[in-house]
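Each ligand, and each atom within it, is numbered from 1 in the order the structure gives. The first residue in the sequence is number 1, and the count goes up from there.
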Amino acid sequence: MSDKFKTILLFGAPGSGKGTQGKMLGRLPGFFHVACGDVFRAIDLNSEVGKVFLQFSSKGELVPDDFTIRLWKEHIDKLVHTRRFRPDEDVLVLDGIPRNVHQAEMLGDHIEIWKLIVLRVVHNRGEVVRRLKSRALKENRLDDANDATIEHRLEVYDQESRPVLAYYPTDRRIDVDALQTPAKVAHDVLSAILGRTQEMHAIEVVAPTATAR
Ligand code: ADP
């Protein structure tokens, strides 16, 4: 058996709702959610590591890859060590990482993609900006506080993050319309995850009738 973490990757632009959906999945037994942004935000912002994070995130830039992957791995190792995340029982739900192809390559040693769920906000930049601003107020997020930073974050997504989609094979990818209500998105995300099980169930139900004929 592979010693890589069985992983659901939630992928999408800032404001597409990865965090909302990730948190929802993480509440279900058998799923463990880790948002890369939360790993960073949990750091003491006065520490050296915290200052590096602020230096980049406040400008809407990505934190450097080596630094990000090292921090992410240390965080996961701690969770495994304390048995909060049990890789033998739980599927890892990742959001916010990988954010570029180099990170995807680096993560390849640690994760095995089971499902790639892409939250799509096609042609609706206005809604994305509205969501980010509303979150900035609620969560005191510096990176979403002004229009220029938001715009830059969306550009970084287009230029650096979007190419990650071409890096992974398409057979495990499911696109979901992220402009629906959170409950409908959740429905589609869960259907995407359960899809195979449902198919198998359908085969089991159909098989006896077929043989009886
Ligand atoms: P969002 O949910 O809006 O996409 P995140 O909470 O994931 O934002 O990330 C906030 C900030 O943290 C990013 O703008 C970036 O500076 C930093 N960050 C988070 N994840 C990564 C990553 N994988 N690589 C580099 N920087 C990251």
Side-chain angles (χ1 to χ4, degrees), residues 5 7-26 33-45 47 49-76 92-111 113 116-121 124-165 167-168 176 178-179 182 185 189:
F5 305 131
T7 300
I8 296 172
L9 208 65
L10 291 174
F11 196 88
S16 59
K18 304 182 294 289
T20 304
Q21 298 302 320
K23 276 187 205 125
M24 175 208 67
L25 280 178
H33 173 229
V34 176
C36 193
D38 290 346
V39 174
F40 282 129
R41 279 185 290 275
I43 299 166
D44 173 5
L45 293 180
S47 67
V49 177
K51 283 179 193 156
V52 174
F53 165 61
L54 259 191
Q55 180 195 338
F56 290 93
S57 65
S58 61
K59 288 188 244 149
E61 297 280 349
L62 294 183
V63 178
D65 297 339
D66 290 349
F67 186 89
T68 298
I69 300 292
R70 181 166 53 79
L71 219 72
W72 175 85
K73 186 65 176 40
E74 280 171 14
H75 182 79
I76 297 276
L92 183 62
V93 179
L94 284 186
D95 95 60
I97 191 166
R99 285 282 242 268
N100 60 30
V101 171
H102 186 222
Q103 289 187 6
E105 286 165 357
M106 293 172 88
L107 281 183
D109 291 339
H110 308 298
I111 64 173
I113 303 289
L116 168 60
I117 299 183
V118 185
L119 297 176
R120 292 173 60 93
V121 284
N124 205 332
R125 221 152 166 110
E127 168 62 11
V128 167
V129 173
R130 191 197 64 73
R131 287 184 185 186
L132 292 174
K133 281 188 171 167
S134 135
R135 180 175 71 181
L137 290 175
K138 281 190 219 141
E139 298 177 15
N140 195 21
R141 292 262 310 248
L142 276 179
D143 50 349
D144 292 332
N146 71 63
D147 288 352
T149 315
I150 289 181
E151 204 44 53
H152 188 55
R153 261 156 59 67
L154 295 174
E155 272 165 28
V156 169
Y157 174 77
D158 281 338
Q159 284 161 19
E160 298 190 44
S161 303
R162 203 187 287 280
V164 169
L165 288 176
Y167 175 81
Y168 289 118
V176 169
L179 293 172
V185 177
V189 168

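- The CG atom of Leu132 sits 10.5 Å away from the CZ atom of Arg125 when rounded to the nearest 0.5 Å.
- Near Ile97, the atoms of ligand 1 lying under 4.0 angstrom from a non-hydrogen atom of the residue are 23 (N).
- Inclusion of Leu62 in the set of residues having an N or O under 3.5 Å from an N or O of ligand 1 is not warranted.
- When each atom of ligand 1 is checked for a heavy atom of Gln103 under 4.0 Å away, the hits are 22 (C), 23 (N), 24 (N), 25 (C).
- Inclusion of Val63 in the set of residues having an N or O under 3.5 Å from an N or O of ligand 1 is warranted.
- In this structure a side-chain-to-backbone donor-acceptor pair under 3.5 Å is present from Gln21 to Pro182.
- The aromatic rings of His110 and Trp72 lie tilted to each other, with the angle between the two planes from 30° to 60°.
- Evaluation of the salt bridge (Lys or Arg N to Asp or Glu O under 4.0 Å) test over residues 64-73, restricted to residues two or more places apart or in two chains, returns Arg70-Glu74, Lys73-Asp77.
- When only interatomic distances are considered, the shortest N/O to N/O separation between Asp38 and ligand 1 does not fall below 3.5 Å.
- Close contacts of ligand 1 with Thr68, meaning ligand atoms under 4.0 Å from a residue heavy atom, involve 22 (C), 23 (N), 24 (N), 25 (C).
- Considering Glu61, Arg41, Lys18 only, the shortest heavy-atom separation from atom 4 (O) of ligand 1 involves Lys18.
- In plain terms, the two heavy atoms of Ser16 and Ala178 that are nearest each other are O-CB, 3.4 Å.
- At under 3.5 Å, a nitrogen or oxygen of Arg153, whether backbone or side chain, sits near a nitrogen or oxygen of ligand 1.
- Within the 4.0 Å heavy-atom cutoff, Phe53 counts among the residues contacting ligand 1.
- In terms of heavy-atom proximity, Ile97 sits nearest to Leu9 at O-CD1, 3.4 Å.
- With values rounded to the nearest 0.5 angstrom, Asn100 atom CG is found 9.0 Å from Glu105 atom CD.
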